[in-house]
Amino acid sequence: MLDKNTLFAMSLFPYLGFLWFMSQTKETPRLALSGFYALLVFVAVTIPAGIYAKVGLGEELANVDWLHGGAEAFLTLSNILVVLGFRQAVLQHRAGVEEEGK
């Protein structure tokens, strides 16, 4: 059975493939794509934060609120960028449809 750390590390490969495919299409909103890439920043921050929590503090990352909250802030930022990017794309699409209707 795979432990959670191995499963977490292995999950990066399909996500990198997802990023590659999303990068290839011109229809992906750039801001949303930036948000998907920002998720990698969250991962990059979470790994050392988790190691510090375990080694330096003797706790799981989830049990150290200030450290966990700091890492989760990057996840929040990533989600905001994705939502704003797709929102912008929807608004642009609607504006284009309305323009064609005139």
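Start at 1 with the first residue, then count along the sequence.
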Same cluster or not: are [X] and [Y] linked, directly or through other Ile, Leu, Val, Met, Phe, Trp or Tyr residues, by side-chain heavy atoms under 4.5 angstrom apart?
| X | Y | answer |
| --- | --- | --- |
| V90 | M22 | no |
| L33 | L84 | no |
| I47 | L40 | yes |
| F18 | F8 | yes |

Under 4.5 Å between any side-chain heavy atoms of [X] and [Y], yes or no?
| X | Y | value |
| --- | --- | --- |
| L81 | Y37 | no |
| H68 | D65 | no |
| L39 | Y15 | yes |

Could E59 and K54 be called an ion pair, given the rule that one side-chain N must be under 4.0 Å from one carboxylate O?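 Between K54 and E59 there is no salt bridge, as every charged N stays at least 4.0 Å from the carboxylate O atoms.
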
Going through the checks in order, is the side-chain contact (heavy atoms from CB on, under 4.5 Å) test met by T46 and F74? CA-CA 9 Å; T46 301; F74 288 97; over 6 Å; no

R87 atom CZ, over 12 foreign heavy atoms within 6.0 Å: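 No, the 6.0 Å shell around CZ holds no more than 12 heavy atoms from other groups.
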
Side chain T25, main chain F21, donor-acceptor under 3.5 Å: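 Such a contact is absent between T25 side chain and F21 backbone.
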
Not counting sequence neighbours, which residues clear side chain to side chain donor-acceptor pair (under 3.5 Å) with Q92? List them please.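 Partners of Q92 by the side chain to side chain donor-acceptor pair (under 3.5 Å) criterion come out as none, since no residue qualifies.
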
